[in-house]
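In what follows, a single structure is set out as structure tokens and then discussed.
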Amino acid sequence: MAPRTLLIPALLDDWFPLLQHAFASKDWEPVLLDEDQGLADLGLRHFHNELCYPVFLVAGQVLKALGSGRYDPARCGVLMGQAGDGCRGSCGIRLTRKVLDRAGYPETALLSLNVRGIDRNAGLPITLPMVRRALAAAVWGDALALLRNQTRPREAVPGAAEALWRQWVETLGGSLRRGDGLTRRRILERCREIADSFRAVPTIPRQVQRVAIVGEIYTKYCRLGNWNLERYLAAEHCEIGTGGITWYALYYMDSHSLKGSSVQRRIYRLLARYLTGIQRDLRDILAEAGYHALPPLPELKRQAEGFAPLRCTVADGWLITAEAAAWARLGYRKILCVQPFACLPGHVFGKGQYAALQRKLPGVRLVSVDYDASTGEGTVQSRIRMLLDEVLP
């Protein structure tokens with residue numbers, strides 16, 4: 001039989017174009033959802049408004065796709081990452097299941113992508129080929145995002161960095177589909193080729209602002225969750241600093257996955273050591289080309305001592321503060337802290353750190369931005385403009 005359609009709701013805009021190939025198999029053909037109009041309103045028809053904003057958007061995007069007529073609901077599955085953490089990280093897939101049943105799509109499968117053993121009856125099997133493709137896609141995605149964001153503010157031809165990013169996504173996507181170049185040596189060789197190509201983009205001297213983005217994973221990485229924040233900052237000629245997905249993956253291994261069985265912990269330690277080594281080499285490659293990145297996660301964590309409560313591992317926990325402090329060391333003195341409104345773990349363990357962090361980072365300005373269906377665009381943009389227009393001493 002032909003593979004079924006695996007619908008992937010938006011989340012990691014700079015990584016899913018590559019990561020989708022990790023989920024392809026004889027059973028599933030991945031499709032990235034791109035619906036972006038009226039999603040929150042559609043989601044709110046099925047949830048009460050005390051749930052967090054990403055829940056509405058994910059449900060709305062799935063429902064809109066299934067109702068578009070482009071897919072056969074009986075031959076579709078929906079892939080949802082489940083961290084096994086607080087709030088939607090544990091209950092999102094169950095809430096969405098109820099919505100799909102009520103909306104008339106009980107035959108549509110929901111697949112949980114997790115390493116915590118939750119939702120066992122709906123888990124997407126994780127195979128070694130999938131892990132190898134996902135690791136390569138994550139590292140290449142990090143390199144591409146960092147290089148594009150640091151090249152774009154000074155490009156001589158508008159759109160050149162974005163066009164080069166798209167060319168590499170197409171090229172690397174082919175490698176991932178074929179399973180080529182997935183060894184550590186070849187992954188890093190590709191990173192060097194990518195860095196050389198971005199260094200060759202014609203640039204002009206231009207005074208730019210460096211702005212870092214930290215916060216909750218959906219609003220940090222997804223254009224739907226942050227209302228195209230990256231595009232807005234790029235139009236203001238800002239050099240954007242955003243931590244790569246491998247940093248988040250290592251944070252998760254450090255604070256979440258190591259709670260499993262002894263066998264699981266041994267596997268995670270080996271995987272974390274492998275990925276940390278690649279991060280260190282990637283950072284060296286970028287530095288040789290004149291670019292920069294956050295320190296590898298173990299070093300990032302050590303540098304966060306005194307800034308972040310390292311026992312705070314709920315949701316994005318100490319990673320938020322650690323990244324903010326690290327970006328400040330790299331010269332990003334303006335930092336946007338983004339959260340979805342009504343995310344209780346985000347408000348307690350995310351926003352709860354900002355005031356203390358601001359006191360510990362003199363000369364740096366942090367501005368917190370909440371995204372929600374009930375918030376006006378003008379309210380959000382006014383807070384962003386407050387940060388961009390401020391003249392720091």
Side-chain angles (χ1 to χ4, degrees), residues 12 15 18-19 22-23 81-86 89-90 112-120 123-143 146 176 179 181-191 214 217 221 243-286 293-323 325-326 345 349:
L12 307 174
W15 291 268
L18 293 175
L19 279 171
F23 309 128
Q82 291 287 102
D85 203 347
S90 294
S112 173
L113 181 64
N114 74 86
V115 292
R116 295 288 297 277
I118 60 175
D119 303 310
R120 291 184 177 87
L124 181 71
I126 297 175
T127 63
L128 181 59
M130 178 191 295
V131 172
R132 293 185 68 217
R133 291 197 298 268
L135 282 172
V139 173
W140 290 336
D142 283 359
L146 289 164
L176 291 165
L182 304 185
T183 64
R184 173 173 175 166
R185 180 179 64 82
R186 188 58 184 140
I187 290 172
L188 292 170
E189 285 178 353
R190 281 291 204 181
C191 289
V214 302
I217 184 171
Y221 292 127
I245 196 61
T246 59
W247 277 265
Y248 183 87
L250 283 167
Y251 159 76
Y252 186 83
M253 293 179 199
D254 179 86
S255 58
H256 293 64
S257 299
L258 297 182
K259 300 174 183 175
S261 67
S262 60
V263 174
Q264 287 176 320
R265 293 197 299 272
R266 190 174 301 114
I267 292 173
Y268 292 136
R269 279 194 293 268
L270 291 173
L271 185 58
R273 190 177 304 122
Y274 174 81
L275 192 51
T276 298
I278 290 183
Q279 273 190 343
R280 189 169 288 110
D281 290 339
L282 172 61
R283 193 181 188 214
D284 291 342
I285 289 170
L286 295 179
L294 296 174
L297 191 98
E299 183 180 341
L300 182 75
K301 185 177 182 180
R302 286 194 298 271
Q303 292 180 0
E305 293 180 6
F307 290 96
L310 297 179
R311 293 184 180 180
C312 173
T313 59
V314 176
D316 301 88
W318 60 260
L319 181 65
I320 295 175
T321 299
E323 286 191 342
F349 297 101

(message) Determine whether Leu275 and Leu297 satisfy the following criterion, side-chain contact (heavy atoms from CB on, under 4.5 Å), listing intermediate values before the conclusion.
(response) CA-CA 10 Å; Leu275 192 51; Leu297 191 98; over 6 Å; no
(request) Could you tell me the separation between the CG atom of Leu286 and the SG atom of Cys191, rounded to the nearest 0.5 Å? (result)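 With rounding to 0.5 Å, CG (Leu286) is 7.5 Å from SG (Cys191).
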(message) Let me confirm one number: the CG-CG distance from Leu135 to Leu182, rounded to the nearest 0.5 Å.
(response)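 It is 9.5 Å, given to the nearest 0.5 Å.
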Can you give me the closest heavy-atom contact between [X] and [Y], atom names plus distance?
X	Y	value
Trp140	Ile187	NE1-O, 3.1 Å
Leu18	Gly141	CD1-N, 3.9 Å
Ala134	Ala22	N-CB, 3.7 Å
Arg133	Leu176	CD-O, 3.2 Å
Ile245	Ala138	CG2-CB, 3.7 Å
Gln303	Pro295	OE1-CG, 3.7 Å

(message) Taking Ala137's backbone N and O only, do any of them form a donor-acceptor pair with Trp15's side chain (distance below 3.5 Å, no angle check)?
(response)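 No, because the side chain of Trp15 does not come within donor-acceptor range (under 3.5 Å) of the backbone of Ala137.
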(request) Evaluate the side-chain contact (heavy atoms from CB on, under 4.5 Å) criterion for residues Leu300 and Leu319: first the C-alpha distance (whole Å), next the side-chain angles of each, then the deciding distance (0.1 Å), finally the verdict. (result) CA-CA 9 Å; Leu300 182 75; Leu319 181 65; 4.1 Å; yes
(message) Restricting to side-chain hydrogen bond (donor to acceptor under 3.5 Å, both in side chains), what partner residues turn up for Thr246, sequence neighbours left out?
(response)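 Counting only residues at least two positions away or on another chain, Thr246 forms a side-chain hydrogen bond (donor to acceptor under 3.5 Å, both in side chains) with Asp142, Gln279.
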(message) So, using side-chain hydrogen bond (donor to acceptor under 3.5 Å, both in side chains) as the criterion, who are the partners of Asp316 when residues are at least two apart?
(response)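 Not a single residue meets the side-chain hydrogen bond (donor to acceptor under 3.5 Å, both in side chains) criterion with Asp316.
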(request) List in chain and number order the residues that pass ring pair (Phe, Tyr, Trp, His ring centres under 6.0 Å) with Trp318, two or more places apart in sequence or in another chain; answer none if no residue qualifies. (result)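 In terms of ring pair (Phe, Tyr, Trp, His ring centres under 6.0 Å), with neighbours along the sequence ignored, Trp318 is linked to Tyr251.
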(request) Kindly indicate, with the supporting measurements, whether the criterion side-chain contact (heavy atoms from CB on, under 4.5 Å) is fulfilled by Met253 and Leu250. (result) CA-CA 5 Å; Met253 293 179 199; Leu250 283 167; 4.1 Å; yes
(request) Please assess Met130 against Leu124 for the test side-chain contact (heavy atoms from CB on, under 4.5 Å), listing each intermediate value before the final yes or no. (result) CA-CA 11 Å; Met130 178 191 295; Leu124 181 71; 4.0 Å; yes
